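In this text the structure is predicted, and so the values were computed from the model without any measurement.
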2 protein chains.
Amino acid sequence: MDIQLKRGLLDVCVLAAIKSADSYGYKIIKDLKPYVELSESTLYTILKRLETARMLTVRTAEHCGRLRKYYHITAAGVRRIEEFKEEWKEMKAIASFIAKEDSDE
Amino acid sequence: MDIQLKRGLLDVCVLAAIKSADSYGYKIIKDLKPYVELSESTLYTILKRLETARMLTVRTAEHCGRLRKYYHITAAGVRRIEEFKEEWKEMKAIASFIAKEDSDE
DNA sequence: CGATATACATCGTATCACGAAGTATAGATT
DNA sequence: AATCTATACTTCGTGATACGATGTATATCG
């Protein structure tokens with residue numbers, strides 16, 4: 001899949017992945033795998049960015065001797081998802097414009 | 001609308017805008033305006049990129065004393081649109097994942 | 001004991017959208 | 001005649017971003 005195309009989805013995907021239950025980096029990657037592939041470096045960049053934007057909070061916890069950083073969505077993060085849903089309507093309009101132009105020869 | 005979100009659409013939008021009939025910069029911007037706003041600097045960057053990728057060809061013509069560069073889509077450009085339609089299916093799957101995660105509280 | 005999975009971090013690079021600023025002409029308004 | 005607006009294309013610099021490469025460290029399994 002084209003990198004440019006999925007760009008705008010990634011942040012919201014990560015937010016969606018932690019929305020119902022707090023999660024951590026490695027798990028987020030595995031959970032999202034069926035929908036979008038994203039590398040570790042990409043994910044940690046995103047998590048850092050979302051944290052700076054206060055769309056999530058972090059809590060470090062030990063799990064079987066290994067450290068884990070659990071991410072928790074904030075109200076701002078939830079709002080971001082809602083905002084995305086609105087933007088998605090515009091996206092659909094654009095996509096149908098493309099399909100329309102393509103159909104009439 | 002979020003810049004990142006529309007990124008992947010822009011190239012294909014421009015291709016769609018010239019598909020049924022050759023067009024030129026200024027007209028493309030006006031034609032796309034109802035769907036996506038894009039500045040001149042953005043458009044000309046895109047046109048240059050698509051030309052380099054051989055997805056369109058350029059022809060300069062005079063129109064009432066002013067120069068116009070008419071853009072014509074190539075077979076590769078048409079294929080790019082087809083490819084987009086496939087990618088769009090994946091995009092829809094991702095968007096419904098986001099909506100799903102968001103709905104079950 | 002070595003391979004694999006888990007878990008996180010950092011650096012550098014390439015791609016890209018866009019604002020700003022510039023050049024130039026035609027037609028309308030004052 | 002002068003000014004404004006629309007048309008039309010160009011270039012430069014910047015900030016945002018995805019990602020490969022590389023590194024650290026531990027647990028588990030064969």
- Note: E82(A)-R79(A) ion pair, threshold 4.0 Å (strictly below): no
- Query: Given atom NZ of K48(B) and atom P of dC9(D), what is their separation to the nearest angstrom?
  - Reply: 13 Å
- Would you mind listing the cluster partners of I3(A)? Hydrophobic ones only (ILVMFWY), side-chain contacts under 4.5 Å, chaining allowed. none
- When rounded to whole Å, the CG to P distance for the pair D2(B) and dG15(D) reads 19 Å
- Base, sugar-phosphate, or nothing: which does R68(B) touch, judged by heavy atoms less than 4.0 Å apart? sugar-phosphate
- Under 4.0 Å between a side-chain N or O of R7(A) and OP1 or OP2 of dA16(D)? no
- Do D2(B) and F84(A) come within less than 4.5 Å of each other through their side chains, counting heavy atoms only? no
- Which of these passes side chain to side chain contact (heavy atoms under 4.5 Å, CB included) with V14(B): I29(B), L47(B), L9(B)? L47(B)
- Message: Ignoring hydrogens, what is the shortest heavy-atom contact between I94(B) and C13(A)? Give both atom names and the distance.
- Response: CG2-SG, 3.3 Å
- Task: Considering only Ile, Leu, Val, Met, Phe, Trp and Tyr, and joining two whenever side-chain heavy atoms are under 4.5 Å apart, list the other residues clustered with L67(B).
- Result: none
- Message: Can you build the contact string for nucleotides 19-30 of chain D? Use B for base contact, S for sugar-phosphate-only contact, and - for no protein heavy atom under 4.0 Å.
- Response: BBB----BS---
- Task: With salt bridge (charged side-chain N to carboxylate O under 4.0 Å, His left out) as the test, would you mind laying out the steps for R49(B) and D11(B) before giving the verdict?
- Result: CA-CA 9 Å; R49(B) 179 163 66 239; D11(B) 283 37; 2.8 Å; yes
- Item | Minimal non-hydrogen separation, K92(B) against W88(A), with atom names | CA-CZ2, 4.1 Å
- Which is the 5'-most and which the 3'-most nucleotide of DNA chain C that has an atom under 4.0 Å from a heavy atom of chain B? dT15(C) to dA26(C)
- Closest non-hydrogen contact found for V36(B) with K6(B) is CG1-CD, 3.9 Å
- Note on the structure: The answer to which of Y71(A) and Q4(A) contacts DNA chain C further toward the 5' end, by nearest nucleotide, is Y71(A)
- Message: I need the minimum non-hydrogen distance between S23(A) and A17(A), along with the two atoms involved.
- Response: CB-O, 4.5 Å
- Task: Identify, residue by residue, the members of residues 25-35 of chain B with a heavy atom below 4.0 Å from DNA chain D, and return them in order of residue number, or none.
- Result: G25(B), Y26(B), K30(B)
- Any pair with a residue in residues 47-73 of chain A that passes ring pair (Phe, Tyr, Trp, His ring centres under 6.0 Å), sequence neighbours left out, goes on the list, sorted by first then second residue, please. Y24(A)-Y70(A)
- Message: Tell me the interatomic distance from L5(B), atom CG, to dT17(D), atom C1', rounded to whole angstroms.
- Response: 14 Å
